[in-house]
Amino acid sequence: HGGTLRKAKKGGVGNVDFPDLPMPARPELTRDYSLLLTGVGGTGVVTVGQVLGMAAHVEGLVTSVLDVTGLAQKYGAVMSHVRIAPTADHLHATRIADAEADAVVGCDLVVTAGDEALLRIKPGTSRVVVASDLVPTTDFSRNPDWQLDQNALIERIRARCGKDNLLAVEGLRIASRLMGDTLATNMFMLGAAWQKGYIPLSLDSIMRAIELNGAQVEFNKTSFLWGRRAAVDLDAVEKAAATGSSVKPLPKRIDMSRDAVVARSMAYLTYYQDEAYA
C-alpha cells in the first residue's frame, strides 16, 4: 500500500510516481482513544466511522461508534464519535465528552469549526486534520450576501488545538480532481490523518475493513492513499491534481427518435429477461 501509484482510479490524472511512503508511528493504545469525525450528511462520514469500527474489530480491539446526525439526512451537520480501546473495561461511554477527543478528522470546515465539534477538542492537545474548502450552507439561500471567512474558521480551530496540531488542506478540491468524485474527500482526509499518526489502527486492518464494506473498494483505497501522500508531500499531490480535472465532459445528446427508443428498450428488456420478452 505504500508503493508507487501509477494511475489514480476514476480520476484519470495520468502516470504519477511518488516515492515509497514512510509508515507513521501509531498512538499506543494503553487506554481508550477518542476520534471525532465531522462532516455533512450524504457524503460518507458515517461510512468512514463504520470502516474504522470494523478495522478495530479486525485487530481484535473493542470499539464503539456513535453517529450523531440530528435532523440531517442530506447536507446537514453529521458527527461520528469513534472510541477504540484494548479492552471493554476502558470504554465507559459512547459519546465523546467536552475536551476528550484525541484526534479530529474534519471533512467539512464549517462543521469542524462549530461549537459542537470545537468543544470536543482538548485545548492545545488534540490533533486535527480538516478539509479547509468552503462549502455554502443553507444560510446562503436566505441571504445572498452571506459570506464565510475561511481563514477565520481555520484560526478558530487552531486556537483551540494549538498551532502545531492542525493540518488544513483543501481536501474536497484535491480529492475530486484526483478521483473525479467529491465522495473521495472523506477517505482522502482519513488517509491524511492516518499518515500523520492520528489513527491508532494498522494500515492492513483499515484496508481489510474497506474490502469488507464492499462498496467502491478500489476507489476508497486509492482515495485513502492520495490522502497519505498529501500528508507527506502536499505540493506533489497538488501537481498531480492539476493534471486532472473535476469538470466532467458534457454528455452526448440522446437520440429520442422512435427507432432509437425502440432499440434501447429492446436491448434493455433482452438483458432483463430474453429476446421473446423484449
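No hydrogens, no waters, no symmetry mates; every other heavy atom, side chains included, goes into these values. Because the structure is a prediction, the values reported are computed rather than measured.
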With heavy-atom distances below 4.5 Å as the criterion, would you say the side chains of [X] and [Y] are in contact?
X	Y	answer
Asn213	Met54	no
Phe219	Asp181	yes
Val110	Leu153	yes
Thr112	Ile157	yes
Thr38	Asp108	no
Leu35	Leu52	yes
Asp204	Ile206	no
Val46	Val78	yes

Anything under 3.5 Å between a donor and an acceptor, one on a side chain of residues 269-278, the other on a protein residue two or more places apart or in another chain? List them.
from: Thr270; atom 1: OG1; to: Met266; atom 2: O; distance (Å): 2.7
from: Asp274; atom 1: OD1; to: Ala276; atom 2: N; distance (Å): 3.3
from: Asp274; atom 1: OD1; to: Tyr277; atom 2: N; distance (Å): 2.7

* Under the criterion side chain to side chain contact (heavy atoms under 4.5 Å, CB included), which of Ile154, Val129, Val104 is the partner of Leu166? ->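 The residue from Ile154, Val129, Val104 that satisfies side chain to side chain contact (heavy atoms under 4.5 Å, CB included) with Leu166 turns out to be Ile154.
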- Query: Is there a path of hydrophobic side-chain contacts, each under 4.5 Å between heavy atoms of I, L, V, M, F, W or Y residues, that connects Val217 with Trp226?
  - Reply: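 Yes.
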Just by modelled atom types, is the [Y] backbone N or O under 3.5 Å from a matching donor or acceptor in the [X] side chain?
X	Y	result
Asn165	Gly124	yes
Trp194	Phe224	no
His90	Ala85	no
Arg160	Leu119	yes

Apply side-chain hydrogen bond (donor to acceptor under 3.5 Å, both in side chains) to Asp255 and Ser257, showing your working.
CA-CA 6 Å; Asp255 186 353; Ser257 66; 3.0 Å; yes
Roughly how far, to the nearest 0.5 Å, is [atom2] of [Y] from [atom1] of [X]?
X	Y	atom1	atom2	answer
Ser64	Leu91	OG	CG	5.0 Å
Asp259	Met256	CG	CE	12.5 Å
Leu203	Arg208	CG	CZ	14.0 Å
Gln195	Leu190	CD	CG	11.5 Å
Arg95	Glu100	CZ	CD	12.0 Å

**Message:** I'd like to know whether Gln50 forms a side chain to side chain contact (heavy atoms under 4.5 Å, CB included) with Val65, so could you lay out the CA-CA distance, the side-chain angles of the two residues, the decisive distance to 0.1 Å, and finally the verdict.
**Reply:** CA-CA 7 Å; Gln50 297 301 320; Val65 180; 3.8 Å; yes
In this structure, are over 12 heavy atoms from other groups packed under 6.0 Å from His57 atom NE2?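 No.
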Determine, step by step, whether Ser205 and Glu59 satisfy the side-chain hydrogen bond (donor to acceptor under 3.5 Å, both in side chains) criterion, reporting the C-alpha distance in whole Å, the side-chain angles of both residues, the deciding distance to 0.1 Å, and the verdict. CA-CA 6 Å; Ser205 66; Glu59 286 195 35; 2.7 Å; yes
Check your understanding: When you check the gap from the basic side-chain N to the acidic O, do Arg229 and Glu238 get nearer than 4.0 Å?
Key ->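 Judged by the 4.0 Å cut-off on N to carboxylate O distance, Arg229 and Glu238 do not form a salt bridge.
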Item checked: Passing candidate, side-chain hydrogen bond (donor to acceptor under 3.5 Å, both in side chains) with Asp102, options Lys122, Arg127, Arg83 ->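 Result: among Lys122, Arg127, Arg83, Lys122 is the only option passing the side-chain hydrogen bond (donor to acceptor under 3.5 Å, both in side chains) with Asp102.
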